[in-house]
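In the text below, chain A, chain B and the rest are named by the order of the sequence lines, each starting its count at 1.
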Amino acid sequence: MAAAGAAKVTAAAAATAVFRSNQELTRLARSGQLAAARRLFDSMPRRNTVTYNAMLSALARNGRIDEARALFDGMPRRNAVSWNAMIAAFSDHGRVADARSLFDEMPNRDDFSWTLMVSCYARAGELEIARDVLDRMPGDKCAACYNAMISGYAKNGRFDDAVKLLKEMPTPDLVSWNSALAGLTQSGQMVRAGQFFDEMVEKDLVSWNLMLEGFVRAGDLDGASTFFARIESPNVVSWVTLLNGYCRAGKIDDARELFDKMPERNIVAWNVMLEGYVRLSRMEEACNLFEEMPDKNSISWTSIVSGLVRAGKLQEAKDLLDQMPFNCVAAKTALMHGYLQRKMVGEARQIFDGIEVRDTVCWNTMLSGYVQCGMLEEAMLLFQRMPNTDTVSWNTMIAGYAQGGQMRKAVGIFKKMNRRNTVSWNSVISGFVQNGLFVDALHHFMLMRRDTKRADWSTYASCLSACANLAALQVGRQFHSLLVRSGHINDSFAGNALISTYAKCGRILEAKQIFDEMIVKDIVSWNSLIDGYALNGHGTEAISVFLEMKANNIRPDEVTLVGILSACSRAGFIDEGLKYFNSMEKEYSLKPVAEHYACMADMLGRAGRLNEAFELVQGMQIQPNAGVWGALLGACRLHKNDELARLAAEKLFELEPRKTSNYVLLSNISAEAGKWDEAEKTRASIKEKGVHKPPGLAGSS
DNA sequence: TATGCGTAGT
């Protein structure tokens, strides 16, 4: 008897212990402490179904869906909560099909299960299927299930359907009304939202906060402040919403005043204030606030680190990261990004290697760092090692190979992609253009339309550039009308590309017309028109556009001066050209770069002032590039100066050893001067140096 | 003590 009594006591004590551990496990799960939750779970001598369910949701919350599934499959007993938690895990990560098959297998579905499925489809944008699930739900439908559907309609812009269902359902609750209201406030329809809010049968603080957030989102700070003042007893969410409004409007000092007035500050409030300072690069205040924060989570750390990185304080960011008490991938990725922008690949890689659990953003950052540094082999190795790739990863590789001149590899990656988006198409199309394969670019535009992917300004800019280079006026005109039809005609990008296209096709009047019709002209628009006149030999017009530009208070940049100098060069305006060139630094604070020298060499050379041109090149502060020597060589041919030609050509051979046309040009110059031996020698050196053809555009390396 | 629908911060 006594033994039985003792056993009963022991069993009760054990049950209490499990109960207590479960409470702790739940707490850990909710605060995102997965590692601690796992340790506790593993150390528990006895577990019940609640224990497993808590662990399951801890895994799901941290995105460990497949581990959660393994735990689910291995559970000794499963109840409805276990099934629902697993369905929710799939639903939260967009795995609609997995959620559905579990729902179909589930023995006894309850209200939670049906609500989860409605919500799952609604969030995936599958509103008709969601509605079908709701309609099939047997017996009395719970309010939550209706609410999931109302929310789905509202978030997808179907406000009328949301209200219709709200009126149809037997017992709408606060969430029903707020779900419908959220549809209006979150899509910026504040007038309708205000009417709906006034007519609401039931409302609570969430309703008021939804309205407040709507004003902030619409950028109506006065409306927000006035509305806030009407809230009877605002809670932390109300305060934070208004605080965020001030921060986003850049009124950081007003924000700080509000922050100091807050009756209660939680971690979200601190983070909003911190991000406000960081956004305005007020890093000293940001750092002070960060020090004062009673709690810091991964958002706080990411904010401060990316702020320091943006301010160029990489060492401070790194020192701070070394003190981070937990592993925050986003903060470390921000530092990696900073290193990579400065081409400090080794430092970035060190951080990367030190991260135990990386997300796809982290992998993509390292990947694009390698690409930007031209380290394509390392990029490919990393790409192949990635546990998960997304469209960004693939697009990064495509753009990398395209910029590296290896179009064959770029296209190879592109063809293997499962889901191509507009950026993927743009990367190959602009790659073809950059590598001079204009016909391929236009061909891929046709394929893109067949793939029903939307073209954007970048697509059109690349295609127009292809047309310009092919001088394909008719195709260019077709793109022009496509731009009008797709509504992109008012983008300054598109307009600028059109100006260049018409100008390069010799239709300078049409180029000017586009320019005149453009609503928003930027510096590129002016430069494109000046370039266009230059290209067509209209020196006077180019200069008059330049003067008009200055009269409009647009500051000329380096590109403008290239245009002006080449206009003077082609029109033979030597004195004008020299005047502009010599006044670059004084009048426009622009240091001449190689392109300017090339224009000058061309200008003086064409006019037969070869020695002056040569002296100018020799006196350059910077290293002359191939363009400069090329201009000189061209002028030498024009004026039959084979001695200077040889000198310029030798420099060109150093800079562009594989470019056959340089050798051919020099050989012709020698031949024209009657120096047949020299000509033959130059031709022979083509074979000698192993120069066969221009560098392979298709990148067969 | 574990699972669903509406509000704030990357």
Side-chain angles (χ1 to χ4, degrees), chain A residues 15-16 18-27 29-30 48-58 60 78-89 91-92 110-120 122-123 134 142-152 154-155 162 172-183 185-186 202-214 216-217 234-245 247-248 266-276 278-279 297-306 328 330-331 333-334 361:
Chain A
T16 311
V18 174
F19 187 91
R20 291 232 174 97
S21 298
N22 285 348
Q23 275 185 317
E24 176 62 7
L25 188 62
T26 306
R27 193 189 66 77
R30 290 201 175 137
N48 59 19
T49 308
V50 175
T51 319
Y52 281 95
N53 290 347
M55 192 62 223
L56 182 62
S57 82
R78 286 185 281 264
N79 61 13
V81 177
S82 326
W83 285 87
N84 291 337
M86 198 59 233
I87 294 173
S91 168
D92 284 343
D110 62 9
D111 286 355
F112 280 86
S113 330
W114 287 93
T115 307
L116 276 163
M117 264 342 279
V118 173
S119 159
C120 179
R123 272 188 282 174
L134 175 71
C142 62
C145 198
Y146 280 105
N147 294 343
M149 193 65 232
I150 292 172
S151 167
K155 285 209 160 66
D173 61 11
L174 275 164
V175 178
S176 323
W177 290 95
N178 288 334
S179 299
L181 178 63
T185 57
Q186 288 168 359
E202 273 191 286
K203 62 181 97 160
D204 64 357
L205 190 50
V206 173
S207 331
W208 286 83
N209 288 344
L210 272 166
M211 284 296 291
L212 184 63
E213 208 266 332
V216 166
R217 188 189 291 256
N235 64 3
V236 186
V237 177
S238 329
W239 283 91
V240 167
T241 304
L242 188 62
L243 183 71
N244 189 37
C247 287
R248 282 164 66 146
N266 63 8
I267 191 162
V268 182
W270 284 90
N271 282 344
V272 168
M273 197 64 234
L274 180 67
E275 177 63 25
V278 167
R279 207 195 307 254
N297 62 11
S298 56
I299 292 178
S300 336
W301 282 92
T302 308
S303 235
I304 194 77
V305 169
S306 57
C328 173
T333 305
V361 174

Item checked: Distance, rounded to the nearest Å, where A:F19 contributes CZ and B:dA2 contributes P -> 9 Å
Margin query: Tell me whether the side-chain N/O atoms of A:K203 come closer than 4.0 Å to OP1 or OP2 in B:dT7.
Written below: no
Note to self: Quick check on B:dG6: is either OP1 or OP2 less than 4.0 Å from any side-chain nitrogen or oxygen of A:S151?
What the structure shows: yes
Margin query: Rounded to whole Å, please give me the gap between CG in A:L116 and P in B:dA2.
Written below: 16 Å
Margin query: Between the base of B:dG4 and the side chain of A:N147, is there a donor and acceptor pair under 3.5 angstrom?
Written below: no
Checklist line | Pairing of A:E213 and A:R217 as salt bridge, 4.0 angstrom limit | finding: yes
Checklist line | Minimum-distance nucleotide to A:L210 side chain [options: B:dA8, B:dT7, B:dT3] | finding: B:dT7
Next item on the list: Mind checking A:C142 for me? I need base, sugar-phosphate or nothing, with any heavy atom below 4.0 Å counting as a touch.
Entry: base
Checklist line | Closest listed nucleotide, where the reference is the side chain of A:I267 and the choices are B:dG9, B:dT1, B:dC5 | finding: B:dG9
Margin query: With a 4.0 Å limit, can you tell me whether A:Q186 has a side-chain N or O closer than that to the phosphate oxygens OP1/OP2 of B:dG6?
Written below: no
Next item on the list: Determine: side-chain N/O of A:R30 to OP1/OP2 of B:dT3, distance under 4.0 Å, yes or no.
Entry: yes
Next item on the list: Check side-chain hydrogen bond (donor to acceptor under 3.5 Å, both in side chains) between A:N244 and all other residues, then give those that pass, not counting sequence neighbours.
Entry: none
Checklist line | Short side-chain N/O contact to B:dT3 OP1/OP2 from A:N53, under 4.0 Å | finding: no
Next item on the list: Would you mind reading off the distance between A:L243 atom CG and B:dT7 atom C1', rounded to a whole angstrom?
Entry: 15 Å
Check: Contact class for A:N297 vs. all strands (heavy atom < 4.0 Å): base, sugar-phosphate, or nothing?
Finding: base
Note to self: Within the 4.0 Å heavy-atom criterion, would you say A:S179 contacts the bases, only the backbone, or no part of the nucleic acid?
What the structure shows: sugar-phosphate
Next item on the list: For A:V272, answer base if it contacts any base atom (sugar-phosphate contacts may also be present), sugar-phosphate if it contacts only those atoms, and nothing otherwise; contact means non-hydrogen atoms under 4.0 Å.
Entry: sugar-phosphate
Next item on the list: Verify, without hydrogens or angle tests, whether A:S91 (side chain) and A:I87 (backbone) share a donor-acceptor contact under 3.5 angstrom.
Entry: no
Next item on the list: Test for a donor-acceptor pair under 3.5 Å between the base of B:dA2 and the side chain of A:N79, counting only N and O atoms.
Entry: yes
Next item on the list: Starting at atom CH2 of A:W239, determine the distance to atom C1' of B:dG9, rounded to an integer number of angstrom.
Entry: 18 Å
Margin query: I'd like to know if A:N266 reaches the base of B:dA8 with its side chain such that a donor and an acceptor end up less than 3.5 angstrom apart.
Written below: yes
Notebook entry, point to check: Can you tell me how far P of B:dC5 sits from CG of A:D111, to the nearest Å?
Noted result: 13 Å
Note to self: A:S303: which residues meet the side-chain hydrogen bond (donor to acceptor under 3.5 Å, both in side chains) condition with it, sequence neighbours left out?
What the structure shows: A:E275
Notebook entry, point to check: The side chain of A:N271 lies closest to which of these nucleotides: B:dG6, B:dT3, B:dG9?
Noted result: B:dG9
Checklist line | Between A:N147 and A:N178, a side-chain donor and acceptor under 3.5 Å | finding: no
Notebook entry, point to check: Could you state the CE-C1' distance from A:M273 to B:dG9, rounded to the nearest angstrom?
Noted result: 13 Å
Next item on the list: For A:L242 and B:dG9, give me the distance from atom CG to atom P, rounded to whole Å.
Entry: 13 Å
Notebook entry, point to check: So what does A:T26 touch, heavy atoms closer than 4.0 Å: a base, only the sugar-phosphate, or nothing?
Noted result: sugar-phosphate
Check: Just by distance, with hydrogens left out, do A:T26 and A:R30 show a side-chain donor and acceptor under 3.5 Å apart?
Finding: no
Check: Please give, in whole Å, the distance from B:dA8 C1' to A:N244 CG?
Finding: 7 Å
Next item on the list: Between B:dA8, B:dT1, B:dT7, spot the one nearest the side chain of A:N209, thanks.
Entry: B:dT7
Next item on the list: Tell me which nucleotide among B:dG6, B:dT1, B:dG4 gets nearest to the side chain of A:N178.
Entry: B:dG6
